[in-house]
Amino acid sequence: MNRVLTATSGKLLYFKVKVSPYLKPGDVVLKVTNLDFITITKENSQKYHCKDQTLTLHATAESTATLSVSGSSHYGTCVLPFAVSPLPHGVKAYSAKGLDDTGQLVVLSEVTQLAAYTPYILYSASGYTGSLSGTVDANKYGEVVSDGLLRGAIAPQKRKDGYVLQDLGEGAKFYAMDGVEFLIPEGKCWLEMPAAQASAPQYGIQIGTTTGITAPTASASAHGKIYTLDGKEVKTMQPGGIYVVNGKKVLKIK
């Protein structure tokens with residue numbers, strides 16, 4: 001603490017440990033090794049070695065984590081170590097169980113609450129950043145958790161395969177990592193596909209439900225015929241519009 005040491009005994013320093021909100025509750029070991037103290041006077045200097053020690057800290061089950069959704073792309077991902085209900089105002093959450101019938105779009109099914117250690121895709125029209133608190137269930141802990149197509153990082157993960165959520169100018173999509181190493185931070189998610197679907201360069205997002213997973217087709221626009229809600233056939237979908245594609249209602253986000 002940069003204070004002048006004048007006493008002949010007592011504590012010389014303190015360890016202040018800031019832990020991740022994703023740390024598993026329970027006892028945590030802190031090892032102190034190779035620690036030396038050096039005293040400097042006008043006459044000489046002296047080095048003292050601190051005996052190696054193993055300290056035990058206790059991580060409580062109460063945790064606070066940050067939830068964020070981009071205000072520009074309107075989408076984000078999250079996985080929390082505790083359950084959240086209800087959702088923050090203006091935030092919607094979705095699970096990703098599979099693809100639509102064309103194999104080109106990730107189908108999202110809306111949920112009304114966030115379960116602990118479960119990955120989700122988030123949507124907010126105006127973006128969101130806030131802190132959420134809850135009680136962590138240590139029995140459900142895992143460094144990587146999964147649900148459907150989504151994988152969630154409880155501890156940071158380096159990945160070269162799978163898909164990450166990005167907005168590269170065409171709205172939020174899942175883009176293939178293609179062997180490039182990405183660091184997935186704690187609390188964020190990525191997408192993994194079965195082998196038959198893992199060759200596509202990107203996947204868009206569709207609000208709705210599906211019952212099957214099919215391999216991607218060669219054409220990125222192979223969605224079948226597109227109709228407006230009043231039954232008129234159109235060639236393209238406009239941002240903000242709701243259309244009927246393959247018998248399902250589709251919201252064109254961007």
Side-chain angles (χ1 to χ4, degrees), residues 17-31 54-70 75-88 91-99 106-123 128-166 172 174-177 179-198 203 205 213:
V17 182
K18 183 178 181 180
V19 302
S20 163
Y22 292 85
L23 184 67
K24 183 179 180 180
D27 289 339
V28 181
V29 172
L30 175 64
K31 294 184 178 180
T54 298
L55 308 178
T56 301
L57 310 178
H58 183 74
T60 68
E62 299 304 315
S63 180
T64 299
T66 299
L67 193 72
S68 62
V69 182
S70 169
Y75 281 95
T77 63
C78 84
V79 55
L80 296 172
F82 47 80
V84 172
S85 180
L87 292 171
V91 176
K92 294 184 177 181
Y94 301 87
S95 60
K97 301 295 186 181
L99 305 176
V106 178
V107 176
L108 307 185
S109 299
E110 187 171 1
V111 299
T112 57
Q113 59 186 8
L114 304 179
Y117 294 110
T118 305
Y120 295 101
I121 296 173
L122 305 176
Y123 174 81
Y128 175 84
T129 299
S131 295
L132 302 176
S133 299
T135 302
V136 179
D137 184 353
N139 295 323
K140 297 180 180 179
Y141 179 86
E143 290 192 355
V144 175
V145 294
S146 62
D147 181 55
L149 300 177
L150 284 174
R151 305 292 180 266
I154 299 302
Q157 301 291 316
K158 292 182 178 180
R159 308 292 304 183
K160 292 184 178 180
D161 54 355
Y163 295 77
V164 290
L165 184 66
Q166 299 183 67
F174 283 95
Y175 289 88
M177 299 181 197
V180 177
E181 186 174 86
F182 282 77
L183 177 63
I184 310 297
E186 60 187 12
K188 297 297 183 181
C189 309
W190 72 96
L191 200 69
E192 284 191 2
M193 294 292 185
Q197 283 83 21
Y203 283 93
I205 298 173
I213 298 177

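Below, each value reflects all heavy atoms present in this structure, side chains not excepted, and no hydrogens, waters or symmetry copies.
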Has the side chain of [X] got a donor or acceptor atom that lies under 3.5 Å from a matching backbone atom of [Y]?
X: Thr77; Y: Lys188; result: no
X: Tyr22; Y: Glu143; result: no
X: Gln157; Y: Ala155; result: yes
X: Tyr75; Y: Gln166; result: no

Say you draw a straight line from [atom1] of [X] to [atom2] of [Y]; how long is it, rounded to the nearest 0.5 Å?
X: Leu55; Y: Asp27; atom1: CG; atom2: CG; result: 12.5 Å
X: Lys92; Y: Leu108; atom1: NZ; atom2: CG; result: 11.5 Å
X: Leu122; Y: Leu114; atom1: CG; atom2: CG; result: 7.0 Å
X: Thr118; Y: Gln113; atom1: OG1; atom2: CD; result: 10.0 Å
X: Lys24; Y: Asp137; atom1: NZ; atom2: CG; result: 10.0 Å
X: Ser68; Y: Tyr128; atom1: OG; atom2: OH; result: 10.0 Å

Item to check | side chain to side chain contact (heavy atoms under 4.5 Å, CB included) between Val164 and Met177, worked out | outcome: CA-CA 7 Å; Val164 290; Met177 299 181 197; 3.3 Å; yes
Kindly give the heavy-atom pair with the smallest separation between [X] and [Y], and that separation in Å.
X: Cys189; Y: Ile184; answer: N-CG2, 4.3 Å
X: Val79; Y: Gly152; answer: CG1-CA, 3.9 Å
X: Ala59; Y: Val28; answer: CB-CG2, 4.2 Å
X: Ile205; Y: Ala172; answer: CD1-O, 3.9 Å
X: Val69; Y: Gly76; answer: CG1-N, 4.0 Å
X: Ala153; Y: Pro185; answer: CB-O, 3.5 Å

Checklist entry - With sequence neighbours excluded, what pairs up with Glu192 under the salt bridge (Lys or Arg N to Asp or Glu O under 4.0 Å) test? => result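 Arg151, Arg159.
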Using a 4.5 Å cut-off on heavy atoms from C-beta on, say whether the side chain of [Y] contacts that of [X].
X: Tyr94; Y: Leu150; value: no
X: Phe82; Y: Leu132; value: yes
X: Leu149; Y: Leu99; value: yes
X: Leu191; Y: Gln197; value: no
X: Asp147; Y: Tyr117; value: no
X: Phe174; Y: Ile121; value: yes

Checklist entry - Does the side chain to side chain contact (heavy atoms under 4.5 Å, CB included) test come out yes or no for Glu62 and Thr135, once each step is laid out? => result CA-CA 5 Å; Glu62 299 304 315; Thr135 302; 2.8 Å; yes
